[in-house]
Amino acid sequence: MSHITIRKATSADIATIHKLAWRIFPYTYREILTQEQTDYMMEWMYSEANLQDQMDHGHHYLLVFDGEEPLGYVSVEQEAAHLFHLQKIYVLPERQGTGLGKLLFDAAIALIKECHPAPCALELNVNRHNSAVGFYERMGMHKDRSGDFDIGGGFYMNDYIMRMEI
């Protein structure tokens with residue numbers, strides 16, 4: 001890694017997040033989700049209008065760069081007085097395994113602590129068949145519960161809800 005930086009995303013970065021998502025999300029879920037569900041979820045989570053709506057309603061995005069090249073992103077949202085949700089954390093496939101995910105995860109924790117200095121919890125949903133479960137366990141999270149969540153369009157997310165205290 002040459003010149004890695006992380007910064008908070010703004011509305012001006014929506015196109016960058018959208019492009020990154022189209023490179024990362026379908027690749028990540030290629031063996032887990034059908035093409036139809038991937039297409040549905042990409043529109044639901046990553047259309048530029050939906051990204052703007054997320055930012056307008058409390059999602060805080062951070063972007064990681066190598067120089068000027070965007071490599072990934074993380075999004076956190078406060079869900080309750082003492083509960084935050086890690087909504088998204090993704091790194092380009094060719095840069096996975098290089099420590100960028102840990103940098104983004106740590107930056108998300110730092111952002112939460114800055115917004116909420118009191119003790120709180122962080123939760124996230126991760127597909128039960130996603131190899132990222134091991135990554136989250138290494139970051140200090142544990143499987144708290146699981147569920148099958150109707151996301152519309154006849155599709156479900158079959159997830160673990162992982163949790164850690166901050």
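Below, all heavy atoms of this structure are taken into account, side chains as well, without hydrogens, waters or symmetry copies.
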Please name the pair of heavy atoms, one in [X] and one in [Y], separated by the smallest distance, quoted to 0.1 Å.
| X | Y | result |
| --- | --- | --- |
| Ala9 | Leu63 | CB-CD1, 3.9 Å |
| Tyr40 | Gly153 | OH-N, 3.6 Å |
| Arg23 | Leu92 | CZ-CD2, 3.6 Å |
| Val126 | Ala132 | CG2-CB, 4.4 Å |
| Phe65 | Leu71 | C-CD1, 4.1 Å |

Nearest-0.5 Å distance, [atom1] of residue [X] to [atom2] of residue [Y]:
| X | Y | atom1 | atom2 | answer |
| --- | --- | --- | --- | --- |
| Tyr160 | Glu137 | OH | CD | 8.5 Å |
| Leu122 | Met164 | CG | CE | 6.5 Å |
| Met157 | Ile32 | CE | CD1 | 12.5 Å |
| Gln52 | Ile17 | CD | CD1 | 10.0 Å |
| His3 | Glu69 | NE2 | CD | 14.0 Å |
| Leu62 | Thr5 | CG | OG1 | 11.5 Å |

Contact check, side chains of [X] and [Y], non-hydrogen atoms, under 4.5 Å:
| X | Y | value |
| --- | --- | --- |
| His60 | Glu77 | no |
| Gln37 | Ile151 | yes |
| Asn127 | Val133 | no |
| Ile24 | Val91 | no |
| His85 | Val76 | no |
| Asn130 | Tyr29 | yes |
| Gln78 | Cys115 | no |
| Ile112 | Cys120 | yes |

Leu86 with Ile166, same ILVMFWY side-chain cluster at under 4.5 Å: yes

Leu124-Tyr156 co-clustered via ILVMFWY side chain contacts under 4.5 Å: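 Different hydrophobic clusters.
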
Keeping the roles fixed (side chain from [X], backbone from [Y]), state whether a donor-acceptor pair exists under 3.5 Å.
| X | Y | value |
| --- | --- | --- |
| Tyr61 | Asp13 | no |
| His142 | Arg163 | yes |
| Asn50 | Met45 | no |
| Arg128 | Gly147 | yes |
| His59 | Met55 | no |
| Asp159 | Ile161 | no |

Assess the residue pair Ser75 and Gln54 against the criterion (side chain to side chain donor-acceptor pair (under 3.5 Å)); give the C-alpha distance rounded to whole Å, side-chain angles, the decisive distance to 0.1 Å, and a yes or no. CA-CA 10 Å; Ser75 168; Gln54 291 167 30; 5.2 Å; no

Begin from the C-alpha positions of Leu51 and His18 and carry the test side-chain contact (heavy atoms from CB on, under 4.5 Å) through to its verdict. CA-CA 8 Å; Leu51 287 167; His18 178 80; 4.0 Å; yes

If the plane angle is over 60° it's perpendicular, under 30° parallel, otherwise tilted; pick one for Phe105 and Tyr136. tilted

Once the angle between the rings of Tyr73 and Tyr46 is folded into 0 to 90°, is it parallel (under 30°), tilted (30 to 60°) or perpendicular (over 60°)? perpendicular

side-chain contact (heavy atoms from CB on, under 4.5 Å) for Phe149 and Asn158? Distances and angles first, verdict last. CA-CA 6 Å; Phe149 305 96; Asn158 311 110; over 6 Å; no

Six-ring centre of Tyr27, Arg30 cation under 6.0 angstrom, axis tolerance 45°: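 Here Arg30 passes the 6.0 Å and 45° test against Tyr27.
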
Check Asp66 with Arg95, please: is the shortest side-chain N to carboxylate O separation under 4.0 Å?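 Here Arg95 pairs with Asp66 in a salt bridge, since their nearest N and O are under 4.0 Å apart.
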
Residues Lys8, Glu114: salt bridge by 4.0 Å N-O rule: no

For a side-chain contact (heavy atoms from CB on, under 4.5 Å) check, start with the C-alpha distance between Glu31 and His129, then their side-chain angles and the critical distance, and finish with the verdict. CA-CA 9 Å; Glu31 295 177 3; His129 303 289; over 6 Å; no

Decide yes or no on side-chain contact (heavy atoms from CB on, under 4.5 Å) for Val74 and Lys88, but give the supporting numbers first. CA-CA 5 Å; Val74 62; Lys88 303 166 182 69; over 6 Å; no

Would you find more than 12 non-hydrogen atoms of other residues, nucleotides or ligands less than 6.0 Å from Glu68 atom CD? no

The single option from Met41, Gln35, Met42 that satisfies side-chain contact (heavy atoms from CB on, under 4.5 Å) with Pro26 is Met42

